[in-house]
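Throughout, residue positions are numbered sequentially from 1 according to the sequence presented. First listed ligand is number 1; within each ligand, the first listed atom is number 1.
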Amino acid sequence: MAFVTKTFYSQDDLQSHLKAHHPSFYFSSKTSTVIPYDKIESLLEWKREEDFYLCDLSKLPPRLELKADGNLILSGAVSWEEAKVFLKARGRTLKTSPTEQLALITAGIATSCTGERCFAFGNLRSQVVRLRYLDHTGEERELKRDEAFRTSSPALTAYQQDFKFYETFKNAPYPRFERAIDLMIGTEGQLGLVTEVEIETVENEPVTYVFLLLPRWEEELTPHLEIFTAVQAHRKSIISCELLDSNCMGYLKPDERLGTNQDVIFLEIRTADFERIYGDVLCSLGSVSADNVFEIAESKFHRIRAGVPRAIFEENSKMGVVKIGTDVQVSGERFQDLMEFYRGASKIGVRYCLFGHFGDAHLHYNYMPKKEESARCLEEFQRLYDAVLGWRGSPFAEHGIGLLKQKYIKKFHGPHQQTLFRDLKKEHDPFNQFFPQGFMSTTA
Ligand SMILES: Cc1cc2nc3c(=O)[nH]c(=O)nc-3n(C[C@H](O)[C@H](O)[C@H](O)COP(=O)(O)OP(=O)(O)OC[C@H]3O[C@@H](n4cnc5c(N)ncnc54)[C@H](O)[C@@H]3O)c2cc1C
C-alpha cells in the first residue's frame, strides 16, 4: 500500500473518486492545528493492502453569490478572507471571523469553526441556513436548518439529552446532531464532503477597535476578571473581546508590540454604541484606568491578533515540536478556576503564552517546549483535561479533534456518544472511506 496525493479541480472528479470508495482523508487549506500535515502519513497509520488517498479540495472552483435576503451562497474553495472582501464590496460582512482567514468556509463547516465574532453572533452552526454535501456514493444531497436531524439509531434521544448541557458552549465535546445540517457540522469530514453552504451575513456597520493594557495575569487577575464580567451584558454592542498576554508580544515585530510587559485585551465595538460602552463599561472599571484604553486601527488589530498564533505555529514547526496548546472553554462561573490552573501551569519552567477568545472564557494556552520538555507539558495538559471534565467544560471548543486530540477526548465520550458515532458511520460511511482514523471511529 502507499499514500497517494490527489488534487481535485472539479466536483465531477471528486464524485468519481467517491464512487470508487477509496479510503481517503480530504483536506482544504491545511490550517487545522489538530492535523499535523507535515507528518500526517505516520499519524494516519494505514496498514491495509489498498492505497490511502490524501485528497486536496483547495482547487475546487470557487463560487460566491449574495442573495436578496442577505444570505451568502458559496461553493468550492472560498476562504473567509475572500468571502469578506466579496461581501464588503456589497455593504455586508460575515458573522463569523476565525483568526485564520485563509481557511476555507466549507472546511469551517466540517470543523464547526468559531472565532472572534462569536462573542456577539454565536457559533457558525447557528448561521448555516442550508448546505449541500457529497455522500459515499458521490451523490450531492441537501440539508436544511429548519429540518430535524434524522437517523435510524436508537441512541439519538439520549445523545441529544446529554448535549443539552453544552448548548451555550461554542462547541461541545461532541457534535450537536439536532438540526439536519448538523450531519456535516463538526464531523470533520467523517460522514461526507461539504460542497455548498448558505450562511447568514450582516450589514457592514462601522466598528471601532480599542485595546486595554493590563498587568500580567500571572501576577494580578482582578482586572481581567472585572472586564470579563463587565462585557457579558453587552454582547449586542461589543462584537469581540480578545486577549493577547504579555508573553505574546515577543512574537511580534518590535514596532507592532503593545504595552510594556503588559497584557492586552481588545474590544471590537459597534461605532454607533461606542460612546455608551466607553462611558458605561470602560470608564466604570475599578481596576483599569481610562488612561490605559487606546484606539487601534482594524487592520493593525487583525495583523497583531493573527500574527501571534501564526508565529507560534512557525516557530514550533522550525523546532520540530508538535504544538502543545489548549482549546478549552469553560462556563463563566469556572473562568477563574481555569485562569488559576493556567497560573499553576505557567510555573513549570517551560516557555508559554496565553491568548484567545477571552469574552467567551475560551483561551489558548500554549507551551513552546524544547523537545525534552514536551512530555512534562503533556502531563500538565492531561491534568487540565481531567479538571475540565470535572468542571463540565468543553476541552476543544474550536479547533476540533483531528488526530492530535483523540487521546484526550475519549473520556468525554460515554456510551450514548460512542453508539451514535458508530451507527452514523455505518449509515453514512458504509465503506469506511471518509477519514477512517477520525474520532467517530476511534472513540466508538
Ligand atoms: C493561526 C491559526 C488561527 C486559527 N484560528 C481559528 C479560529 O479563530 N477559529 C476556528 O474555528 N479555527 C481556527 N483555527 C483552526 C483552523 O483554521 C480551522 O479548523 C479551519 O476550519 C480549518 O480550515 P482548513 O481549510 O484549513 O481545513 P483543513 O485543515 O484542510 O481541514 C480541517 C478538517 O476539515 C475536514 N475538511 C476539510 N474540507 C472539508 C470539506 N469540504 N468537507 C468535509 N470535511 C472537510 C478535513 O478532513 C479535516 O478534518 C486556526 C488555525 C490557525 C493556524
Side-chain angles (χ1 to χ4, degrees), residues 8 11 14 18 24-37 40 43-44 53-60 62 74-82 96-119 123-125 131-135 140 170-171 183-197 240 242 248 251 302 305-317 323 325 327 329 355-357 360 362-364 366 396-406 428-429 433-440:
F8 294 92
Q11 194 162 306
L14 190 52
L18 287 168
S24 306
F25 175 79
Y26 296 87
F27 58 87
S28 290
S29 278
K30 295 203 235 182
T31 67
S32 170
T33 59
V34 288
I35 310 272
Y37 285 100
I40 188 166
L43 284 167
L44 284 173
Y53 287 79
L54 297 170
C55 301
D56 184 350
L57 307 180
S58 70
K59 301 287 185 292
L60 288 173
L74 63 98
S75 57
V78 177
S79 69
W80 294 98
E81 190 174 58
E82 287 157 348
T96 291
S97 185
T99 308
E100 182 47 86
Q101 295 274 301
L102 301 177
L104 296 197
I105 299 185
T106 42
I109 299 292
T111 61
S112 191
C113 174
T114 70
E116 292 145 26
R117 303 193 120 206
C118 194
F119 188 70
N123 195 301
L124 173 63
R125 69 171 178 252
L131 58 81
R132 295 175 76 82
Y133 75 101
L134 295 177
D135 74 3
E140 195 171 37
K170 294 166 86 169
N171 282 302
L183 188 70
M184 289 296 120
I185 303 182
T187 46
E188 301 187 1
Q190 297 169 86
L191 302 174
L193 300 179
V194 184
T195 51
E196 181 180 298
V197 194
S240 54
E242 299 286 304
C248 292
Y251 289 94
H302 286 301
R305 177 63 187 86
V308 168
R310 275 189 196 146
I312 292 169
F313 198 63
E314 277 161 27
E315 183 177 311
N316 281 358
S317 302
K323 179 167 166 262
D327 186 17
Q329 185 188 17
F355 61 84
H357 313 299
D360 283 321
H362 175 211
L363 294 173
H364 305 295
N366 289 279
F396 311 115
E398 178 169 81
H399 291 205
I401 311 300
L403 290 165
L404 292 183
K405 304 294 186 182
Q406 288 185 16
H428 295 277
D429 188 18
Q433 70 200 69
F434 293 116
F435 191 9
Q437 304 87 340
F439 71 86
M440 294 181 79

So which heavy atom in the protein is nearest [atom], and how far is it from that ligand atom?
atom: atom 53 (C) of ligand 1; answer: T31 O, 3.4 Å
atom: atom 23 (O) of ligand 1; answer: A103 CB, 3.4 Å
atom: atom 21 (O) of ligand 1; answer: T111 OG1, 2.8 Å
atom: atom 30 (O) of ligand 1; answer: S28 N, 2.6 Å
atom: atom 48 (C) of ligand 1; answer: F25 CZ, 3.8 Å
atom: atom 47 (O) of ligand 1; answer: Y26 O, 2.5 Å
atom: atom 2 (C) of ligand 1; answer: E100 CB, 3.6 Å
atom: atom 6 (C) of ligand 1; answer: H399 NE2, 3.6 Å

Is the shortest N/O to N/O distance between [X] and ligand 1 below 3.5 Å?
X: S32; answer: yes
X: K30; answer: yes
X: V194; answer: yes
X: T99; answer: yes
X: S112; answer: no
X: L104; answer: yes
X: T114; answer: yes

Is a donor on one side and an acceptor on the other found under 3.5 Å between the side chain of [X] and the backbone of [Y]?
X: S97; Y: R117; value: no
X: N123; Y: T114; value: no
X: Q406; Y: Q437; value: yes
X: E188; Y: G402; value: yes
X: R310; Y: R305; value: no
X: Q329; Y: A397; value: no
X: N171; Y: S112; value: yes

Nearest-0.5 Å distance that lies between atom [atom1] in [X] and atom [atom2] in [Y]:
X: R132; Y: S75; atom1: CZ; atom2: OG; answer: 10.0 Å
X: C55; Y: Y26; atom1: SG; atom2: OH; answer: 4.5 Å
X: E82; Y: L104; atom1: CD; atom2: CG; answer: 7.5 Å
X: F439; Y: T187; atom1: CZ; atom2: OG1; answer: 7.0 Å

With a 4.0 Å heavy-atom cut-off (strictly under), which part of [X] contacts ligand 1: side chain, backbone, both or neither?
X: L57; result: side chain
X: F27; result: both
X: I109; result: neither

Return yes if a side-chain donor-acceptor contact under 3.5 Å exists between E116 and T99, otherwise no.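 Judged by distance alone, the side chains do pair up.
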Donor-acceptor side-chain pairing of E398 and H357 below 3.5 angstrom: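 The criterion, which ignores hydrogens and geometry beyond distance, is satisfied for H357 and E398.
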[X] heavy atoms, cut-off 4.0 Å: which ligand 1 atoms fall inside?
X: Y37; value: 28 (P), 29 (O), 30 (O), 31 (O)
X: P309; value: 1 (C)
X: C113; value: 10 (C), 11 (O)
X: G189; value: 43 (C), 44 (N)

Quick one: are I40 and F27 in side-chain contact, heavy atoms under 4.5 Å?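 The answer is no; the side chains never approach within 4.5 Å.
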Heavy-atom side-chain contact between W80 and T96 under 4.5 Å: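 Yes; the side chains approach each other to less than 4.5 Å.
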Looking only at heavy atoms of [X], does any of them come nearer than 4.0 Å to an atom of ligand 1?
X: Y133; value: no
X: F313; value: no
X: H357; value: yes
X: G192; value: yes
X: G108; value: yes

Applying side chain to side chain donor-acceptor pair (under 3.5 Å) between D327 and each of H399, H362, K405, report the one that passes.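 When side chain to side chain donor-acceptor pair (under 3.5 Å) is applied between D327 and each of H399, H362, K405, only H362 qualifies.
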Run down the list A77, S29, A110 and name the one with the heavy atom closest to atom 36 (N) of ligand 1.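 Minimum heavy-atom distance to atom 36 (N) of ligand 1 goes to A110.
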